[in-house]
Amino acid sequence: MSSTDNTQKKFPRTYWREIELPTFKSLDQDINVDVAIVGGGITGITAAYLLTKEGINVAVLEAGGILNGTTGHTTAKLTAQHGLIYDEFIHHLGKEKARKYYESMMMAVQFVENTVIEKGIDCDFSKQEAYVYATTDEYAAKLKNEWEAYKSLDIAGALKDSIPFNIPVKAALMMSNQAQFHPLKFLKALLEEAINAGCSVYENTVADDIEDDYQEPKVVTKSGQRVTAKHVIIASHFPFYDKPGLYFAKMYADRSYAIGVKTNQEYPGGMYISADSPSRSIRYTPLDNGENLLIVGGENHKTGQGVDTLKHFEELQRFTEEVFGINEYQYRWSAQDNVTLDKIPYIGPYTSQRKNVLVATGYKKWGMSTGILAAHLLTDLIVRGSNRFEDIYSPSRFQADPDLKSVITTNADVAKHLLKGKLEMIERVPDDLQNGEGSVVLYQGKRAGAYKDENGKLYIVDTTCTHLGCECEWNHAEKSWDCPCHGSRYSYAGDVIEGPTHKPLGLLRKGEV
């Protein structure tokens, strides 16, 4: 049995969730607050902390458990180096806005550092240099253009010709004064402060709709409770309320993978990410016993598309073994994030007419700095009515270049997968499945999804996504049904894991074979 096979029964498992977190009851009555925050991740909790410091009455509604979403499944780099973006931003947005993007992200890095020092938070915070490296001539040339953008924007860094690993690089671009931390240790401390200041938190409370959003918005939960507020912040990863904004047409969902291992190699410091494909992200985090955990991520792809998802973990394991050597393979996890049309998050009023409903989404896998920036921006809009970065991130923006091309390309991809799922030839039937296996099958003459658990119990679902009707595909690594059109995800029994959908898949059969 291979080392990958040996790890299957223990994984998926994320290192960040190994700490003890508080638990909270579900909302069981109507309440009235100043600000209702939907989403208990980095944006929601940081916003709750900032708002309660202003004396504002806040309630946080979380559909599952606090800090169990994307925030708990990150590589936790705290940086303004979000790949190769600044040269592109200068061309599409202008030098002033490109510089403001950098400043906004550095504000988030500085906030974490200052808060850690001020409050004595033990969250493994450390200053690091961040590197993006190229292994091909094509991307080495792009790194040189990006370095010219750094110099133009007065970004501290350097262009180098190597990194301290056995990786044949053509060039590497370093950004100074970046950081890494344990996000859940940090946010746990902020959450405790917010609660002590009067913030209420409700877990397993699913926000389903917003009523009276032009006047005094009311968040309606799936179980029928109403939270009346002066402002609502939608920080639920994908906006749960999508009727007027059509955010599903302005973003696509992307998945990425990470493993955590112990290795004999001494880690030289720094955070690294490849510019070219396949994507590779490298950093370490200190463990409580004085050892280091090496975190290697990458292998991104659009949700519901591409090869068997388990192969992405296998590729990360192979790369890590070749470059570092693996003593102990301890953790494996994946994450999903939304990418906007112009690669800049949507943070601000939900629409130009809905100023009291605010949204933060589209972090493009850079949620640590972006989530903290979003919390500050939204807090300023609520408390002071403005923020100096609001024009960059306004969800109502639309610029013809590159947005128009992105709209066409993104929605053409959706149409392709919508048609593909409907015309697919299906050869398997439920009886073909082994224990622990899932697949698209033919059931009662129609396309369906079947999963047989380790005890032989069979779950058969209708694979038609309840959002807009695309056909979901089986995700082997997470044992889920993933929509290739807009990124909705469901458990093997059809329950909703990720939006934009609200409704589960139809369960056609459940029971012993």
Side-chain angles (χ1 to χ4, degrees), residues 3-4 7-8 10-19 41-42 67-79 81-83 124 128 130-133 165 167 180-185 237 253-263 267 270-274 277-287 291-303 306-337 339 363-371 475-480 482 489 497-498:
S3 58
T4 300
T7 63
Q8 295 312 303
K10 294 188 290 183
F11 300 121
R13 177 178 166 220
T14 168
Y15 167 71
W16 313 118
R17 289 283 302 178
E18 297 286 54
I19 69 169
I42 189 167
L67 296 171
N68 196 33
T70 303
T71 303
H73 293 77
T74 175
T75 55
K77 294 176 177 178
L78 192 58
T79 178
Q81 189 186 64
H82 298 170
D124 305 323
Q128 299 285 330
Y131 293 80
V132 57
Y133 66 87
F165 305 120
I167 299 173
Q180 63 184 27
F181 70 146
H182 190 305
L184 270 59
K185 288 180 179 179
H237 191 225
D254 212 56
R255 292 197 69 74
S256 58
Y257 303 80
I259 63 174
V261 306
K262 290 182 180 179
T263 175
Y267 194 84
M271 309 180 298
Y272 306 82
I273 190 166
S274 62
S277 296
S279 58
R280 295 288 181 263
S281 168
I282 305 165
R283 66 156 286 195
Y284 81 97
T285 190
L287 299 173
E291 296 181 285
N292 287 333
L293 184 75
L294 178 70
I295 298 173
V296 178
E299 290 286 311
N300 57 293
H301 65 90
K302 284 188 176 182
T303 299
V307 300
D308 179 350
T309 49
L310 195 59
K311 294 189 183 301
H312 296 295
F313 287 117
E314 292 170 350
E315 284 301 309
L316 289 179
Q317 181 179 358
R318 181 190 59 76
F319 169 83
T320 306
E321 182 64 62
E322 288 179 359
V323 176
F324 301 97
I326 297 175
N327 281 349
E328 192 175 344
Y329 185 163
Q330 291 191 306
Y331 300 94
R332 172 189 105 189
W333 66 88
S334 66
Q336 179 164 308
D337 211 351
V339 182
Y363 293 174
K364 198 171 68 81
K365 299 191 182 72
W366 298 104
M368 298 297 96
S369 52
T370 308
N475 178 334
H476 183 182
E478 278 88 26
K479 293 183 168 51
S480 63
D482 298 358
R489 297 182 62 234
I497 299 174
E498 302 246 14

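With 3.5 Å as the limit, one finds no donor-acceptor pair spanning the side chains of H82 and T370. For E299 and S256, the side-chain atoms include no donor-acceptor pair closer than 3.5 Å.
Not counting sequence neighbours, T320 has no partner by the side-chain hydrogen bond (donor to acceptor under 3.5 Å, both in side chains) test. Under the ring pair (Phe, Tyr, Trp, His ring centres under 6.0 Å) criterion, Y133 pairs with no residue, sequence neighbours left out. Listed by chain and number, the residues in a side-chain hydrogen bond (donor to acceptor under 3.5 Å, both in side chains) with E328 are Q330 (sequence neighbours excluded). Listed by chain and number, the residues in a salt bridge (charged side-chain N to carboxylate O under 4.0 Å, His left out) with E18 are R13 (sequence neighbours excluded). Legend: residues meeting salt bridge (charged side-chain N to carboxylate O under 4.0 Å, His left out) with E315, ordered by chain and number and at least two apart, are R318. Applying the side-chain contact (heavy atoms from CB on, under 4.5 Å) rule to E321 yields the partners I326; only residues at least two apart in sequence or on another chain are considered.
Residue I259 holds its CD1 atom at 13.0 Å from OG1 of T14, rounded to the nearest 0.5 Å.
Using bins of under 30°, 30° to 60° and over 60° for the plane-to-plane angle, the ring pair Y272/Y267 lands in the perpendicular bin.
Side-chain atoms of P183 and M368, non-hydrogen and from C-beta on, do get closer than 4.5 Å to each other. Residues I295 and Y284 fail the side-chain proximity criterion, which asks for heavy atoms closer than 4.5 Å. Put simply, the side chain of F324 does not reach to within 4.5 Å of the side chain of V261, judged on heavy atoms. Contact annotation: the side chain of L294 approaches that of I282 to within less than 4.5 Å [non-hydrogen atoms, C-beta and beyond].
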Next item on the list: Step by step, work out the side-chain hydrogen bond (donor to acceptor under 3.5 Å, both in side chains) result for S281 and K77.
Entry: CA-CA 10 Å; S281 168; K77 294 176 177 178; 2.7 Å; yes

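A salt bridge does not link K364 to D337: none of the charged side-chain nitrogens sits closer than 4.0 Å to a carboxylate oxygen.
Ring to ring, W16 and H182 are close: their centroids are under 6.0 angstrom apart.
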